[in-house]
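Remarks on the structure that follows.
Atoms within a ligand are numbered from 1 in the order they appear, just like the ligands themselves. Keep in mind it's a predicted model, so treat the numbers as computed, not measured. In this chain, numbering begins with 1 at the start of the sequence shown.
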Amino acid sequence: MSQSHAATRLRTVLAHLGGPRAKAVLAHPISKSISSANVHPQQFQYTLDNNVLSLEQRKFYEENGFLVIKNLVSSADIQRFQNEFEKICRQEVKPPGLNIMRDVAISKSEYDPRNENMVYKIQHFQEDKELFRYCTLPELLKYVECFTGPNILAMHTMVINKPPDSGKKSSRHPLHQDLHYFPFRPIDRIVCAWTAMEHIDRNNGGLCVIPGTHKGPLQPHDYPQWEGGVNIMFHGIQNFKDYDARVHIELEKGDTVFFHPLLIHGSGRNQTKGFRKAISCHFTCADSYYIDVKGTTQENIEKELKGIITEGYELDDSITLKDIWKFQARLVKGERTNL
Ligand SMILES: CCCC(=O)SCCNC(=O)CCNC(=O)[C@H](O)C(C)(C)COP(=O)(O)OP(=O)(O)OC[C@H]1O[C@@H](n2cnc3c(N)ncnc32)[C@H](O)[C@@H]1OP(=O)(O)O
Ligand SMILES: Nc1ncnc2c1ncn2[C@@H]1O[C@H](COP(=O)(O)OP(=O)(O)OP(=O)(O)O)[C@@H](O)[C@H]1O
Ligand SMILES: O=C(O)CCC(=O)C(=O)O
Ligand SMILES: [Fe+2]
Ligand SMILES: [Mg+2]
């Protein structure tokens, strides 16, 4: 790459990535045309200039670290996702790479494919065409782009089927920051889209957030000391105290929450008889880069994930977190520039 080409590319990348370095670049004359096209000529850190979000919506996300868009995904699409989820549970389709997790309360019992209610969540559905449609819905990506920029990768996918709590409170998901699991940066270009597949509130174990915590640092995570057991990989923030600050989000079918990877969130136990369903994807900017988590608070999750994967897929120990993420990432818009 010639030096001037490299410089132009760097500028383009930085302009998409945001953050203080990008702001410095935007002050450069070449980039003036970009900043003069600003829709909301103010300093924003967590959202990008576009005409999709209203000023009020942008300010809300900047302040709180999440944003709810009502009625974003159609009932017809949600029905299709639900049908496919049930087919997977019945083992009628077996997408490569898919991971099925049962609640720890029933993890030692025999799996019964006639009963989809044995599944707490499925992850990594990137090879399932029907479910992966969720990550490519134009109405969803339109919003995702406000956070990631135009080159978009789907990194991590889930359908969560939170079971009625067994009485052991193991259906709870401890308060955590999703960034704990992610070895890619920059942080502010990652966003989670989480869509309610039915009415969700505190009663059926809905999403609970601590507004504004996306402005703080990534905190150390580990398994909580819960008497009734904790699900595998459900790490929580150690010594969390500010329970009064929790906000339980109430959603209708199709409503979608977009949230920042540092936002502290979790979900309580499901106190109904139904299985609470949500579908989600974490997206990031394809211009991002991987980091080595050695020596950081993320080292424990790398070790655990590597253990599960090398054992489950009989791979050798030289596999890195980067290899795992690179393998499951899928381009959904623009160009796969880096990650
Ligand atoms: C933003 C969030 C980002 C992320 O979460 S990234 C993290 C990605 N997470 C993952 O990859 C999911 C990890 N889970 C898994 O890989 C699977 O569910 C897991 C644990 C391997 C189980 O797979 P199966 O193939 O069904 O294996 P199995 O039924 O024979 O169980 C193997 C051993 O695991 C145990 N187990 C299963 N589900 C569990 C649970 N929910 N909590 C705690 N332990 C659990 C199970 O009891 C069994 O243990 P043992 O070997 O008999 O002692
Ligand atoms: N005692 C606790 N210790 C640690 N985390 C908790 C505790 N109670 C709740 N949480 C966390 O707070 C978040 C919201 O839980 P919430 O309090 O809504 O549910 P719950 O305690 O299961 O039920 P309830 O609605 O009866 O309080 C979840 O992430 C949950 O893991
Ligand atoms: O749907 C939920 O309970 C939240 C799940 C969650 O936050 C996660 O898996 O990271
Ligand atoms: Fe999460
Ligand atoms: Mg509680």
Side-chain angles (χ1 to χ4, degrees), residues 65-66 68 81 85 99-105 119-125 134 155-182 187 190-211 213-214 218-219 221-251 253 255-272 274-284 298 301 304-305:
F66 70 99
V68 176
F81 303 144
F85 171 73
N99 179 284
I100 295 181
M101 189 191 91
R102 285 183 275 158
D103 189 85
V104 62
V119 176
Y120 185 121
K121 70 170 169 173
I122 59 173
Q123 298 192 102
H124 317 306
F125 58 65
Y134 171 72
M155 301 300 286
H156 184 261
T157 52
M158 289 188 273
V159 175
I160 307 131
N161 185 47
K162 188 188 277 258
D165 195 81
S166 65
K168 294 182 166 170
K169 297 189 179 178
S170 58
S171 68
R172 287 189 303 194
H173 198 133
L175 291 165
H176 64 282
Q177 296 165 301
D178 288 340
L179 191 73
H180 176 60
Y181 298 89
F182 301 152
I187 300 170
I190 304 171
V191 72
C192 178
W194 190 97
T195 301
M197 294 172 70
E198 60 190 300
H199 174 88
I200 296 183
D201 58 21
R202 181 173 188 160
N203 210 28
N204 59 0
L207 208 62
C208 157
V209 303
I210 320 283
T213 46
H214 65 304
L218 177 62
Q219 299 189 38
H221 288 61
D222 213 331
Y223 283 110
Q225 306 290 314
W226 286 348
E227 278 172 27
V230 185
N231 277 303
I232 189 149
M233 302 202 101
F234 278 28
H235 291 194
I237 293 178
Q238 300 297 287
N239 307 317
F240 185 83
K241 295 205 176 64
D242 199 9
Y243 285 105
D244 290 346
R246 290 178 306 171
V247 170
H248 293 77
I249 303 179
E250 190 168 330
L251 302 167
K253 187 200 278 191
D255 294 354
T256 302
V257 189
F258 292 91
F259 65 90
H260 187 277
L262 283 171
L263 183 76
I264 298 176
H265 65 285
S267 56
R269 69 207 138 116
N270 178 357
Q271 303 187 65
T272 68
F275 287 71
R276 188 226 78 188
K277 288 181 181 59
I279 184 165
S280 83
C281 179
H282 283 86
F283 297 92
T284 198
Q298 292 178 260
I301 195 71
E304 189 173 347
L305 190 59

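Neither the backbone nor the side chain of F240 has any atom closer than 4.0 Å to an atom of ligand 2 (non-hydrogen atoms only). In P224, neither the side chain nor the backbone holds a heavy atom less than 4.0 Å from any atom of ligand 2. The proximity of C208 to ligand 2, defined as any non-hydrogen pair under 4.0 Å, is limited to the side chain. Here R246 has side-chain heavy atoms under 4.0 Å from ligand 2, and that is the only part of it that gets that close.
Closest non-hydrogen pair, G65 versus L263, comes out as O-CD2, 3.8 Å. Taking both residues in full, the closest heavy atoms of I100 and I122 are given as CG1-CG2, 3.9 Å, listed atom of the first, atom of the second, then distance. Minimum interatomic distance between V257 and L207 (heavy atoms only, all atoms of both residues): CG2-CD2, 4.4 Å. The two residues P174 and G236 make their nearest non-hydrogen contact at CB-CA, 3.9 Å.
A donor-acceptor pair under 3.5 Å is absent between the side-chain atoms of K162 and the main chain of A278, judged by distance alone. Although no hydrogens or angles enter the test, the distance criterion places a donor-acceptor pair under 3.5 Å between the side chain of D165 and the main chain of S171. At least one donor-acceptor pair closer than 3.5 Å links the side chain of Q298 to the backbone N or O of L179. For the pair D178 (side chain) and F182 (backbone), a donor-acceptor distance under 3.5 Å is absent.
Looking at atom 3 (N) of ligand 2, its nearest protein heavy atom turns out to be Y243 OH, 3.4 Å. At the top of the distance list for atom 5 (C) of ligand 3, counting protein heavy atoms only, stands H173 ND1, 3.7 Å. Closest protein heavy atom to atom 18 (O) of ligand 2: H248 NE2, 2.6 Å. From the protein, the heavy atom lying nearest to atom 23 (O) of ligand 2 is R269 NE, 3.4 Å. The protein heavy atom nearest to atom 7 (O) of ligand 3 is H265 NE2, 3.0 Å. Scanning all protein heavy atoms for the shortest distance to atom 4 (C) of ligand 3 gives L207 CD1, 3.8 Å. Nearest protein heavy-atom contact of atom 1 (O) of ligand 3 is R276 NH2, 2.7 Å. Atom 19 (O) of ligand 2 has as its closest protein heavy atom G268 CA, 3.1 Å.
Nearest-residue assignment for atom 10 (O) of ligand 3 (options M233, H176, H180; heavy-atom criterion): H176. The closest non-hydrogen atom to atom 31 (O) of ligand 2, taken over H173, Q271, R202, comes from H173. For the residues K169, Q225, R172, the heavy atom positioned nearest atom 2 (C) of ligand 2 is part of R172.
Contact annotation: the side chain of H180 approaches that of L218 to within less than 4.5 Å [non-hydrogen atoms, C-beta and beyond]. The shortest distance between side-chain heavy atoms of F125 and I279 falls below 4.5 Å. When side chains are defined from C-beta on, F259 does not count as touching V68, because their heavy atoms never get closer than 4.5 Å. The shortest distance between side-chain heavy atoms of I190 and M155 does not fall below 4.5 Å.
Ligand 3 lies out of reach of F234, whose nearest heavy atom is not under 4.0 Å from it.
Taking a cut-off of under 4.0 Å to the non-hydrogen atoms of G266, the atoms of ligand 2 that pass are 29 (O). Set against the non-hydrogen atoms of K121, the atoms of ligand 3 under 4.0 Å away are 9 (O).
Aromatic ring centroids of Y181 and H156 lie 6.0 Å or more apart. When ring centroids are compared, H260 and H214 come within the 6.0 Å threshold.
Counting only protein N, O or S atoms, the number found under 2.8 Å from the Fe ion (ligand 4) is 3.
Applying the ring-ring contact (aromatic ring centres under 6.0 Å, His included) test to H173 and every residue at least two apart in sequence or in another chain returns H176, F234.
Any N or O atom pair closer than 3.5 Å counts here, and S267 shares at least one such pair with ligand 3. Backbone and side-chain nitrogen or oxygen atoms of Y120 are examined, and none is located within less than 3.5 angstrom of a nitrogen or oxygen of ligand 3.
Side-chain atoms of N204 and T272 form no donor-acceptor pair, as typed in the model, at a separation below 3.5 Å.
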